[in-house]
Amino acid sequence: MHTFGYRANALLTFAITALAFICAIASFSDKFSNQNPSAEIQILNINRFKKQSHGNDEVSLTLDISADLQSLFTWNTKQVFVFVAAEYETPKNFLNQVSLWDAIIPAKEDAKFRIQVSNKYRFIDQGQNLRGKEFNLTLHWHVMPKTGKMFADKIVMPGYSLPDAYR
């Protein structure tokens with residue numbers, strides 16, 4: 001006859017195995033969800049475009065961000081981290097990314113939004129490379145599930161440019 005310890009060990013092992021199997025199925029079920037987020041970003045105003053005292057370019061923008069990220073939410077989604085980045089090229093670097101705004105979306109009801117905001121983080125280039133520069137605004141998101149692997153994606157919106165002279 002088996003002792004209480006053997007029986008408890010068998011029961012606990014079975015329970016953990018079943019829980020791991022259920023978590024794997026939950027994570028795998030996210031692969032079948034139809035995700036089609038949409039976003040649009042407009043630059044309403046260039047508030048400030050100047051050369052700092054130590055030679056770097058700095059830009060302050062007012063952005064109009066509208067997005068519908070509701071399709072990213074499934075029953076397994078805990079929250080979505082979303083941010084807007086300015087992306088551009090310079091002679092030194094193929095890709096420069098500067099985060100301008102971010103937010104955490106905790107629920108599907110909050111995933112459809114429109115916000116007008118000045119950049120939350122400073123848009124600074126190390127050098128004098130921003131005058132007349134064309135750049136992309138990219139909406140990135142990271143979906144954080146309750147169980148399983150986190151995944152990320154983005155929508156790139158090209159065609160923005162900065163003025164040729166400081167303001």
Discussion item. Apply side-chain hydrogen bond (donor to acceptor under 3.5 Å, both in side chains) to residues Thr138 and Glu87 and explain how you reach the verdict.
Written reply: CA-CA 7 Å; Thr138 304; Glu87 300 176 343; 2.9 Å; yes

Item to complete: Determine yes or no for a side-chain-to-main-chain donor-acceptor pair under 3.5 angstrom, with Asn56 supplying the side chain and Gly127 the backbone.
Response: yes

Worksheet item: Can you say whether the rings of Trp101 and Phe113 are parallel (under 30°), tilted (30 to 60°) or perpendicular (over 60°)?
Response: tilted

Worksheet item: Are Ile115 and Leu61 connected in the hydrophobic side-chain network, where two residues link if heavy atoms are under 4.5 Å apart?
Response: yes

Fill in: Atom of Ala39, atom of Leu139 and distance for their closest heavy-atom approach
CB-CD2, 3.4 Å

Worksheet item: Is there a side-chain contact (heavy atoms from CB on, under 4.5 Å) between Tyr160 and Glu134 once you walk through the steps?
Response: CA-CA 6 Å; Tyr160 301 95; Glu134 290 191 11; over 6 Å; no

Worksheet item: Can you find a pair of side-chain heavy atoms, one from Arg114 and one from Asp64, that are under 4.5 Å apart?
Response: yes

Discussion item. Let me check something: do Leu44 and Phe123 share a hydrophobic cluster, defined by ILVMFWY side-chain heavy atoms less than 4.5 Å apart, either directly or through other members?
Written reply: no

Worksheet item: Counting only heavy atoms not in Lys78, do more than 12 sit closer than 6.0 Å to its NZ atom?
Response: no

Worksheet item: Would you say the side-chain atoms of Gln79 and His142 include a donor-acceptor pair closer than 3.5 Å?
Response: no

Fill in: Sidechain N-carboxylate O distance under 4.0 Å for Asp102, Lys120
yes

Practice prompt. In sequence, state the C-alpha distance, the side-chain angles, and the governing distance for Asp57 and Lys51, and then conclude on salt bridge (Lys or Arg N to Asp or Glu O under 4.0 Å).
Written response: CA-CA 5 Å; Asp57 286 348; Lys51 180 179 175 182; over 6 Å; no

Worksheet item: Do any N or O atoms from the side chain of Asn119 and from the backbone of Tyr121 form a donor-acceptor pair under 3.5 angstrom?
Response: yes

Worksheet entry | Side-chain heavy atoms of Phe94 within contact of Glu89, under 4.5 Å | yes

Practice prompt. With rounding to the nearest 0.5 Å, note down the distance linking OG1 in Thr90 to CD in Gln128.
Written response: 13.0 Å

Worksheet entry | Heavy atoms of other groups near Gln52 CD, more than 12 under 6.0 Å | yes

Item to complete: Establish, from distance only, whether the side-chain atoms of Asp68 and Ser38 form a donor-acceptor pair under 3.5 Å.
Response: no

Discussion item. With a 3.5 Å distance limit and no angle check, can you tell me whether Thr77 reaches the backbone of Thr74 through a side-chain donor-acceptor pair?
Written reply: yes

Discussion item. Give me the atom names and distance for the closest heavy-atom approach of Asn9 to Thr13.
Written reply: O-OG1, 2.8 Å

Worksheet item: What are the two closest non-hydrogen atoms of Asn76 and Thr147, and how far apart are they?
Response: ND2-O, 2.9 Å

Worksheet item: Is Phe151 reachable from Ile104 through a run of I, L, V, M, F, W or Y residues, each pair having side-chain heavy atoms under 4.5 Å apart?
Response: no

Discussion item. Using every non-hydrogen atom in the two residues, find where Met157 and Glu40 come nearest and quote the distance to one decimal.
Written reply: SD-CA, 4.0 Å

Discussion item. For Val143 versus Met150, what's the shortest heavy-atom pair and its separation?
Written reply: O-CG, 2.9 Å

Fill in: Step-by-step ring pair (Phe, Tyr, Trp, His ring centres under 6.0 Å) determination, Phe83 to Phe81
CA-CA 7 Å; Phe83 69 98; Phe81 174 71; 5.7 Å; yes

Worksheet entry | Smallest separation among heavy atoms of Thr62 and Ser118, with atom names | OG1-OG, 3.6 Å

Worksheet item: Are Gln35 and Ser71 linked by a side-chain donor-acceptor pair shorter than 3.5 Å?
Response: no

Discussion item. Quick check: is Val98 connected to Ile46 through a chain of hydrophobic side chains (ILVMFWY, heavy atoms under 4.5 Å apart)?
Written reply: yes

Discussion item. If I take atom NZ from residue Lys112 and atom CD1 from residue Ile105, how far apart are they, to the nearest 0.5 angstrom?
Written reply: 13.0 Å

Worksheet item: Are Phe21 and Leu12 connected in a single hydrophobic cluster, I mean Ile/Leu/Val/Met/Phe/Trp/Tyr linked by side-chain heavy atoms less than 4.5 Å apart?
Response: no

Worksheet entry | Distance, nearest 0.5 Å, that separates CG of Leu69 from CG of Asp110 | 11.0 Å

